[in-house]
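Here's the structure, in structure tokens; my notes come after.
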Protein chains: 2
Amino acid sequence: MNISYESVAVSSRIRLARNFQDCPFPDRLLLSPHGRERASEIVRTINAELNALEEFDLYDVGTLTEERAAYLVERNLISRDLVRHSDISAALITPDESISVMINEEDHIREQYFTRGYDLKKAYERITGIDDVISESIPFAFDREFGYLTACPTNLGTGLRASVMMFLPAISRRGLMKRVVPELNRLGLTVRGASGEGSGAEGDLFQISNEVTLGFSETEILSAVEKAVKLIVQFELRERENMKTEGGLSLRDRVLRAYGVLSNCCLLGIKEFMELTADFKLGILFGYLGTDRTEEEILGELDDHIVAMRPANIDHLNGHVLTETERSVYRAEQSNKVMRRMEIVV
Amino acid sequence: MNISYESVAVSSRIRLARNFQDCPFPDRLLLSPHGRERASEIVRTINAELNALEEFDLYDVGTLTEERAAYLVERNLISRDLVRHSDISAALITPDESISVMINEEDHIREQYFTRGYDLKKAYERITGIDDVISESIPFAFDREFGYLTACPTNLGTGLRASVMMFLPAISRRGLMKRVVPELNRLGLTVRGASGEGSGAEGDLFQISNEVTLGFSETEILSAVEKAVKLIVQFELRERENMKTEGGLSLRDRVLRAYGVLSNCCLLGIKEFMELTADFKLGILFGYLGTDRTEEEILGELDDHIVAMRPANIDHLNGHVLTETERSVYRAEQSNKVMRRMEIVV
């Protein structure tokens, strides 16, 4: 995978939904006899099995503070649904945050692997390894005709969701998403804003994932996503060339101003922050902003920074809940610092 | 005069309007017998007299290119009225641009002295010296009752206009000009935007000058202007304290962003340029922007830069007429450079 590809396909995520045989779905688990005991047992068993494999941190959702939970939700390590089930739910997360296993979310198990850049194949292999370990200790509910059984029919079958986060400034700013979206839908795929369902596209980030889980094999789903990602990458790269040619001086001006503001501001709301970082990225990719550091380093550091500057992440870094203004100040200060580390030579 | 005073009273200008005895006003000069010859003779005589005193460059307005004339108008060295009379008008300007003597403008003679900072007294002394030299070679039209006779009755009497350019960000942004203006009018003074009559206030710059020239002595006029300037300086300085206290973080943010944009943009229109430089000045005055250079140096260099970035000045510096976009590019490039020379330590 080369940098121009990864400048579009920013990160990849595979998620499997699984449920155990002869056990009510989480929503009904507490209504069944010994439901709470069964929930604890599931957590205990999976914790033991996974920690035998590699290091996992166990998060008992019921004992998490609201702030800590919000932090983990922002980093996509747990879901709001998991927090909703906090009386029986838990999460097992590797220290590098690449693997997250949620227990008693909407389904008994949601296994997720996240990797920077575009690598669904590696993601699928890694999460399958985890999946095998769990299924050996507690058998999954599986139907010959339907495949894996899930709480919601949209996940039935493979229980697989493959998603790729894509940076699409050229396609979106040139008003071309309306051509991309129906094309993806035709392939059984869907597009969301960066923060998931219902969210707008902040910082020109879009999440592409499969809608359909039933009636296709895992391989078929992965290759459909792969095919779509490839087409979008090519489309975006071509449109970036057009954008650069047509944008000319105004685009360069916008990008350099974004750098100037990120380097010097002392109040920075999240919406403007996302816009400015998207412009800054374009500045690096288009060579408007020179630096001796590599594009990989720059874009990687920037992606970390983008996640770290979300509200609950800022609170976490500060050790307490901040006001909106305090977060703006912190976001500005940290952005000033990150810009200095970019070693831009104008 | 100290820096805080001069951070408000930016520059001072004295202008005297004079006409010669037994010679029709410039508007009618060409209609009179031998009018053109008399005009030439006036120019020749004054050129000789003044150059005997110190070095003056002679500008024959009729042979000036449109661009060169626009450049001199922007620098307040000649007036649009002088250009309108180009068939008989001329200007004598010292190389340091402090003294300008316009010949055959609305009046036969308009003598002007310009100095940075606040020093009307020095300005008046200098221009009186010039005035004496001219009046010794060609006697002025003077009436016992009315004083100096002028083409327009608003200049009758002393023919004196004293004006002070004032940087009033606190008064104007806090909506207090509406309190200042009637007060000045009551004292026989008037307020204009930086570019003279009819112009809006760009970059929070306002020109205070006397309206009345008749019925008061030169000393009375100067002391009225002096008194007004003193009051406005005190008012502005007090309001700057309030502005700083109340503006808090948003003001600091605005100022630092202005610095960021001036340092990095690559397209910069004149209106935004004036706003950003005003914000940058505030950053220096309020200590938001640290530098090892002195405030005097910084503000002086900035004031030169502001004049140099006006359209005809940019054309002049480039040696030819530029398009609006080319000027924006040049203004941005030069502003980037000036900001680097400011040696700001953030």
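Order of the sequence lines fixes the chain letters, A, B, ..., with proteins taken first and strands second; residue numbering starts at 1 for each chain. Model, not experiment: these values are computed from the prediction.
Residues passing the side chain to side chain contact (heavy atoms under 4.5 Å, CB included) test with V83(A), sequence neighbours excluded: A69(A), V73(A), I78(A).
With respect to chain B, the highest number of heavy-atom pairs below 4.5 Å among L256(A), L267(A), V261(A), L262(A) belongs to L267(A).
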Step through the atoms of chain B and chain A and list each donor-acceptor pair whose separation is under 3.5 Å.
residue, atom, partner, partner atom, Å
D253(B), OD1, C266(A), N, 2.8
D253(B), OD1, L267(A), N, 2.9
R257(B), NH1, E272(A), OE1, 3.4
R257(B), NH1, E272(A), OE2, 2.7
R257(B), NH2, L267(A), O, 2.9
R257(B), NH2, E272(A), OE1, 2.9
C266(B), N, D253(A), OD1, 2.8
L267(B), N, D253(A), OD1, 2.9
L267(B), O, R257(A), NH2, 2.9
E272(B), OE1, R257(A), NH1, 3.4
E272(B), OE1, R257(A), NH2, 2.9
E272(B), OE2, R257(A), NH1, 2.7

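If you measure heavy-atom distances from V329(A) to chain B, the contacts under 4.5 Å come from the side chain alone.
The shortest side-chain heavy-atom distance between L249(B) and C266(A) falls under the 4.5 Å cut-off.
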